[in-house]
Asker: 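Sharing a structure with you now.
Fair warning: this is a prediction, and the values are worked out from it, not measured in the lab. Sequence positions, counted from 1, serve as the residue numbers for this chain.
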Amino acid sequence: MLNLDYIIVGALPLLERMYLEENLKRDGLMSVCSCAFGEPNGQVTLFVSGTGEGQKMSCRTQNAAESSLPAAERGIPVDGICSGSESSLPAAERGILVSGDAGELLTAKRRGMAALGYSGKAADRVSALCGAAADPGRHDGQKETVCSERNTRQASLRMSSETADGLCADMYAEGLEEVDLRFLTRIWQRHHHLPWTILTTRRCVVKEFSMDDLDDLFALYAGEGMTDYIAPLYPYEQEMEYQRSYIECMYGFYGYGMWIVRDRADGSLIGRAGIECREELGGEPELGYVIGVPYQRKGYATEVCTAILAYAGEELSLPFINCLIEEGNTVSEHVALRLGFAPAGELFLDGKRMKKYRYRLF
């Protein structure tokens with residue numbers, strides 16, 4: 001299984017380096033050595049975790065004369081830190097570089113290594129690609145919105161859409177005060193097309209959809225009554241292409257979307273839930289949820305959506321979130337009211353009367 005095992009801290013302004021290193025140490029990482037990286041050869045600092053492969057690396061480097069020896073004498077090739085061949089470190093895919101130096105970032109790019117670039121200037125506003133419906137089934141439109149400037153963490157995570165071919169990093173940040181292990185792990189996961197784990201509850205784990213979930217998704221939607229109030233899935237091959245595009249465009253640009261909900265105990269697919277923007281609501285965010293037949297009327301929707309609402313406020317800085325429920329879907333209405341949503345009018349969509357609810361986060 002691919003894991004993030006080490007972080008290379010490259011050329012950065014002193015204050016930004018202090019912010020980053022303090023955050024990494026607070027998250028339990030340790031600085032184990034300095035070594036050369038990039039062209040021209042500049043000194044970088046290596047951080048590793050205290051468990052797994054990272055623990056092995058820290059033992060090797062720290063036991064070599066207290067790391068005062070030159071890098072080559074500690075078993076770390078000067079120009080081979082990411083080679084994955086004779087190096088005592090894992091291959092490039094197991095690490096991430098944080099640097100403001102173009103040469104170091106170019107080295108990382110050439111070796112297939114994830115990288116966060118330090119820009120040192122105000123970042124451009126980030127445009128986000130937004131689906132047209134929060135129905136867990138279909139999203140047929142696209143809409144550009146400007147991501148919230150109130151939350152620099154989330155805005156920076158969505159900056160992957162700005163990395164054009166001429167840039168070397170997966171993402172660029174104007175400051176590193178908010179960058180920690182979780183932030184870097186998510187950049188690294190995006191680089192390697194790995195799904196994020198969004199949150200966990202007492203019984204569930206909420207994650208981004210991956211193509212490995214497709215068969216389970218079809219089994220979920222085959223349950224009796226599952227598509228009474230939501231659109232069915234496309235035929236298998238068409239749904240496969242749709243989901244591939246969704247992963248790239250919705251998760252990749254926006255940083256959130258419809259997620260899957262699995263049982264923490266046995267991994268079974270319980271349902272789907274998440275946040276999207278609705279064209280019919282002027283691009284406003286909407287909560288969507290669907291729970292599989294075996295798990296209905298057991299409190300799963302309330303448990304998961306309560307956690308998602310907290311995530312929307314704390315991580316995404318959304319001021320409010322809507323919920324559109326088709327008339328007659330009394331079960332979903334009861335869930336929305338239990339969550340604290342308040343009635344906010346009605347509208348017609350595709351000839352159906354929809355009740356609008358709104359939840360204010362702050």
Side-chain angles (χ1 to χ4, degrees), residues 128 130-137 139 145-155 157-158 182-183 186 195-209 229-230 246 250-251 254-264 269-292 295-326 329-345 347 354-362:
C130 188
D135 176 343
H139 316 278
T145 64
V146 178
C147 60
S148 170
E149 295 179 2
R150 298 183 67 258
N151 190 319
T152 55
R153 281 174 71 95
Q154 196 65 24
L157 282 174
R158 290 195 286 267
R182 179 171 178 266
F183 184 94
R186 286 192 162 184
W196 291 355
T197 295
I198 303 301
L199 57 88
T200 57
T201 67
R202 182 174 62 87
R203 295 179 292 176
C204 306
V205 56
V206 179
K207 303 176 64 175
E208 292 181 339
F209 177 88
Y229 296 102
I230 62 173
Y246 190 90
M250 194 67 185
Y251 295 158
Y254 219 173
Y256 56 84
M258 287 303 299
W259 302 308
I260 61 166
V261 180
R262 288 194 175 274
D263 190 304
R264 288 183 64 177
L269 184 62
I270 292 173
R272 302 177 76 189
I275 304 165
E276 293 183 328
C277 294
R278 189 98 174 194
E279 185 178 30
E280 296 86 350
L281 296 176
E284 294 179 353
E286 181 190 3
L287 175 69
Y289 49 89
V290 57
I291 301 298
Y295 301 94
Q296 293 176 2
R297 304 183 187 278
K298 296 181 180 180
Y300 281 100
T302 302
E303 177 180 330
V304 169
C305 291
T306 296
I308 289 176
L309 289 172
Y311 182 89
E314 296 167 7
E315 297 289 333
L316 306 179
S317 290
L318 297 178
F320 63 86
I321 189 166
N322 300 307
C323 188
L324 291 183
I325 301 174
E326 185 178 345
N329 189 357
T330 56
V331 173
S332 289
E333 285 190 75
H334 291 157
V335 171
L337 293 171
R338 192 178 305 119
L339 290 168
F341 280 83
L347 66 156
M354 309 293 289
K355 294 185 178 182
K356 179 181 177 181
Y357 293 83
R358 174 166 290 188
Y359 183 96
R360 292 201 173 275
L361 293 157
F362 52 82

Asker: Are K355 and E326 ion-paired here, with the side-chain N under 4.0 Å from a carboxylate O?
Answerer: no
Asker: So, taking the atom named SG in C323 and the one named CD1 in I275, what distance separates them when rounded to the nearest 0.5 Å?
Answerer: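 Output value for this atom pair is 11.5 Å.
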Asker: Using side chain to side chain donor-acceptor pair (under 3.5 Å) as the criterion, list what pairs up with R203, not counting sequence neighbours.
Answerer: E303
Asker: Is there a side-chain contact between M354 and I325 (heavy atoms, below 4.5 Å)?
Answerer: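 Heavy-atom side-chain distance check fails, nothing below 4.5 Å.
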Asker: Would you call L347 and L324 a side-chain contact if the rule is heavy atoms closer than 4.5 Å?
Answerer: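 Answer yes - side chains close enough.
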Asker: Less than 4.5 Å apart, side chain to side chain, heavy atoms only: is that true for I198 and I308?
Answerer: no
Asker: Could you report the tightest heavy-atom contact between L318 and F362, atom names first, then the distance?
Answerer: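 That would be O-CE2, 3.2 Å.
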Asker: Is there a side-chain contact between V261 and L269, using heavy atoms and a 4.5 Å cut-off?
Answerer: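 With C-beta onward as the side chain, the pair stays apart.
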Asker: Which pair of non-hydrogen atoms, one from I291 and one from Q296, has the smallest distance, and what is that distance?
Answerer: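 In this case the closest contact between I291 and Q296 is O-NE2, 2.9 Å.
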Asker: Between atom CE of M258 and atom CD of E286, what is the distance when rounded to the nearest 0.5 Å?
Answerer: 9.0 Å
Asker: Rounded to the nearest 0.5 Å, what's the gap from CD on E276 to OH on Y254? Could you check?
Answerer: 9.5 Å
Asker: Search all heavy atoms of R264 against all heavy atoms of T201 and return the closest pair with its distance.
Answerer: NH1-O, 2.7 Å
Asker: Would you say the side chain of R297 lies within less than 4.5 Å of the side chain of V331, judging by non-hydrogen atoms?
Answerer: yes
Asker: Could you give me the CA-CA distance, side-chain angles and deciding distance for Y246 and Y251, then say whether ring pair (Phe, Tyr, Trp, His ring centres under 6.0 Å) is met?
Answerer: CA-CA 7 Å; Y246 190 90; Y251 295 158; 5.5 Å; yes
Asker: Is a donor on one side and an acceptor on the other found under 3.5 Å between the side chain of W196 and the backbone of K207?
Answerer: no
Asker: Ignoring hydrogens and geometry, is there a side-chain-to-backbone donor-acceptor pair from E208 to W259 under 3.5 Å?
Answerer: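 A pair under 3.5 Å: no.
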Asker: Taking atom CZ of R360 and atom CZ of F320, what is their separation to the nearest 0.5 Å?
Answerer: 7.0 Å
Asker: Go through V206 and I260 one step at a time and tell me if the side-chain contact (heavy atoms from CB on, under 4.5 Å) criterion holds.
Answerer: CA-CA 6 Å; V206 179; I260 61 166; over 6 Å; no
Asker: When you compare the side chains of N322 and E284, does any donor N or O come within less than 3.5 Å of an acceptor on the partner?
Answerer: yes
Asker: Counting C-beta onward and ignoring hydrogens, is there a side-chain heavy-atom pair between Y300 and D263 closer than 4.5 Å?
Answerer: yes
Asker: Quick one: CG on L287 to CZ on R278, what's the gap to the nearest 0.5 Å?
Answerer: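 Output value for this atom pair is 12.0 Å.
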Asker: Considering all heavy atoms of both residues, which atom of Y289 and which atom of A336 are nearest to each other, and what is their separation?
Answerer: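 So the two residues come closest at OH-N, 3.8 Å.
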Asker: Could you grab the distance from atom OH of Y256 to atom CE of M250, nearest 0.5 Å is fine?
Answerer: 6.5 Å
Asker: So Y357 and L339, side-chain contact (heavy atoms from CB on, under 4.5 Å) or not? Walk me through it.
Answerer: CA-CA 11 Å; Y357 293 83; L339 290 168; over 6 Å; no
Asker: Do you know which two heavy atoms are closest between L337 and F341, and how far apart they sit?
Answerer: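 That would be CD2-O, 3.6 Å.
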Asker: Just wondering, do I270 and R262 contact through their side chains at under 4.5 Å, heavy atoms?
Answerer: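 With C-beta onward as the side chain, the pair stays apart.
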Asker: Quick one: do R182 and E315 make a salt bridge, cutoff under 4.0 Å?
Answerer: yes
Asker: Closest approach of V304 and C204, non-hydrogen atoms and distance?
Answerer: CG2-SG, 3.9 Å
